[in-house]
Amino acid sequence: MADPIRGQTAVCGLGITEMGKVYGHDASWFAGEAIRLAMDDAGLAKDDLDGLLINPGITGMMGTGISIPLQNYLGLRNLRLLNHMNSFGATASAMIQYAAMAVHHGMANYVACVFADAPLQKGGSAGAAYGGAGRRGPVGMNSLMPAFGFYGANTSYALAARRYMETYGATNDHFGKVAVAQREWATMNPHATMRTPITLEDYHNSRWIIEPFHLLDCCLVSNGAVATIVTTAERARDLQSSPAYIWGMGQGHPGNLPHAEVEVGTTSGATIAGETAYAMAGVGPQDVDVCEFYDCYTYTVLRTIEDYGIVGKGEAADWVAEGHTKPGGALPINTGGGQLSSYYMWGMTPISEGIIQARGSGGERQVEKHDIVLCSGNGGTLDTHGTVILSPNAN
Amino acid sequence: MTYEKPLPEPDENTQPWFDALREHKLLLQYFPSADHYQYPYSDRSTKDWSTEWEWRESSGQGVVYTWGRMHQLYHPSWKEEIPYTLAVVELDEGPRMQTTLVNVDPDDIRVGMRVQVYFDDITEEHTLPKFEPA
């Protein structure tokens, strides 16, 4: 039994800026571009915008990212909803959820949800942008992290991945097949940064970052922004764009406690978030046509596939290797190339591609049957999770 | 030879823990109300939010929960070390510690292998709790 809110709200506008090594602009500029593009897509004027939810990226943590002053930068005077949110990679789905509930209950009519980041500097490496080695040193027991040589998210995810591998017998071949399948999708995505096909051999030949991760296990780092406009289904029908109706929403946040309570590596918040969203939408894993999963690393995709109940625990590695997720497969996953090959806009990477697929605007990479599109967001080291289920149909 | 890698930096709350390492003792916080050992330091139990606790000495025994080999150079002082081993050890008392493994061939490391604490006096003032096969 679906919840009455199913199909009552929709994404009516999507804005994606230039992505990747785009220099000379700060995060506010990218955010402004993405919101302008999203409003143009919907056919809305500046003064129609009465809600703004903001998710800064890594530059937000460094003090140079977007925040509440974005309102003034954009000259927005009609806001009835405004907030700066951060549950890391789960934020994008959460913003859309809160926006949907707000418009459904009349707190606002058109809410822009925006992610923007500009960590890449000309001549600097992606690792320098995210590694954190240059930041001020921690004190107390946190100071043991650099003392032991733990740096960045690569480390914590590699350790989670190793636990997964040794628990279920997954190998780098399995991880590599995720990377190869997603690159095949990316070759058809004009927004994607990496569009040259790769082989499993290329994957194995890419340098180690931290074992068990090769370079091609890791997501990109991108400058850019994505904005979505959320409104009611009723309003969306009167606009020029085709709506992506919101069917299901859920969150699940197990945290990553350093005790035996949380099985890091073999669990994530997707289980709880997925159950909640499936129940709201009145669907189950067997009904899903397309998945857009947060893929900070190849491993994360396998973890997510299992926790949404698409296959059982420990079964995703062999299942992906059978080719089900690549172009022409039975259940296309990460059809734009994902964060591994298209662009890294935290949770907005899967959501943006989910909107494109739900609206049927994927061009060469459009999946024929796209009635139920399952999108995930994931933050921390599998600490936080958000789900949005989209559909081209109101009912 | 000067030790150039980042050094731990105790704060007021964790000074006793770092001082004990100098004496080759590994301490854990023990919260009696929930019979719970906790690491890293917090002023509150994650089990029942109790703020009553005491330091207790750990057995220093545990298993490898997971591990990795770092090849990326994030800080110049690690240049001679890469690739180096990183690990999470689950102590028999329950808490997990981020650490490194010594006295073991990386090819022999497995999830679940028994390990014990190895106190490495890296400078005159600093000791790190590393682990080695038990």
Side-chain angles (χ1 to χ4, degrees), chain A residues 125-152 154-169 206-215 217-218 255-266 299 381, chain B residues 3 5-15 17-18 21 36-42 46-47 64-78 81-88 90-91 93-101 106 109-113 120 122 126 128-130:
Chain A
S125 74
Y130 260 81
R135 285 181 240 163
R136 191 173 155 269
V139 296
M141 283 171 181
N142 289 336
S143 69
L144 291 166
M145 300 295 276
F148 280 123
F150 284 71
Y151 293 106
N154 292 338
T155 306
S156 53
Y157 272 94
L159 293 168
R162 175 75 72 188
R163 176 86 186 169
Y164 176 84
M165 292 168 95
E166 292 204 21
T167 303
Y168 298 125
S206 70
R207 66 187 166 90
W208 287 116
I209 299 298
I210 168 171
E211 291 175 58
F213 286 159
H214 288 280
L215 178 68
D217 284 300
C218 307
N256 189 349
L257 301 176
H259 313 297
E261 298 156 38
V262 179
E263 281 298 323
V264 178
T266 54
Y299 150 75
T381 309
Chain B
Y3 187 86
K5 294 198 283 281
L7 288 167
E9 200 181 319
D11 58 13
E12 194 183 338
N13 294 322
T14 56
Q15 189 70 54
W17 188 85
F18 283 97
L21 289 180
H36 179 228
Y37 288 91
Q38 193 157 306
Y39 176 92
Y41 172 85
S42 170
T46 56
K47 289 276 190 195
V64 173
Y65 185 78
T66 185
W67 62 281
R69 294 275 290 168
M70 178 65 91
H71 291 251
Q72 178 93 353
L73 187 65
Y74 283 105
H75 188 278
S77 60
W78 293 92
E81 299 262 340
I82 49 173
Y84 57 88
T85 300
L86 295 172
V88 176
E90 187 166 291
L91 293 168
E93 291 88 350
R96 294 183 196 140
M97 292 184 70
Q98 282 144 326
T99 182
T100 187
L101 301 177
I109 302 171
R110 295 288 179 273
V111 167
M113 83 190 254
D120 189 353
I122 53 170
H126 301 90
L128 285 178
K130 302 178 177 179

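Each chain gets a letter, A, B and so on, in the order its sequence line appears, and its residues count up from 1.
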Using non-hydrogen atoms and a 4.5 Å limit, figure out which bit of [X] sits close to chain A: side chain, backbone, both or neither.
X	answer
B:Tyr84	side chain
B:Pro40	both
B:His36	side chain
B:Phe18	side chain
B:Pro129	both
B:Thr46	side chain

- prompt: Under 3.5 Å, side chain of B:Thr14 to main-chain N/O of A:Gly140, donor-acceptor pair present?
  reply: no
If you count heavy-atom pairs within less than 4.5 Å of chain A, which of [options] leads?
options	value
B:Tyr39, B:Trp17, B:Tyr65, B:Tyr37	B:Tyr65
B:His126, B:Gln38, B:Gln15, B:Lys5	B:Gln38
B:Asp11, B:Thr100, B:Leu86	B:Leu86

Can you name the nearest heavy-atom pair linking [X] to [Y], along with the distance?
X	Y	result
A:Glu211	B:His71	OE2-NE2, 2.5 Å
B:Val111	A:Arg163	CG1-NH1, 3.4 Å
B:Gln98	A:Phe150	CB-CZ, 3.6 Å
B:Pro8	A:Ser143	CA-OG, 3.4 Å
B:Val88	A:Leu159	CG2-CD1, 4.0 Å

query: Are A:Glu166 and B:Trp67 side-chain neighbours, meaning at least one heavy-atom pair lies under 4.5 Å?
result: yes
task: Give, as side chain, backbone, both or neither, the part of A:Met165 having an atom under 4.5 angstrom from any heavy atom of chain B.
output: neither
statement: Under 4.5 Å to a heavy atom of chain B? For A:Asn142 that would be neither
message: With rounding to the nearest 0.5 angstrom, report the CD1 to CH2 distance, B:Ile82 to A:Trp208.
response: 15.0 Å
- prompt: Do you know which of A:Ile209, A:Leu144, A:Thr155, A:Val264 has the most heavy-atom pairs with chain B at a distance under 4.5 angstrom?
  reply: A:Ile209
- prompt: Which word best sums up how the rings of A:Tyr151 and B:Trp78 line up, parallel for under 30°, tilted for 30 to 60°, or perpendicular for over 60°?
  reply: perpendicular
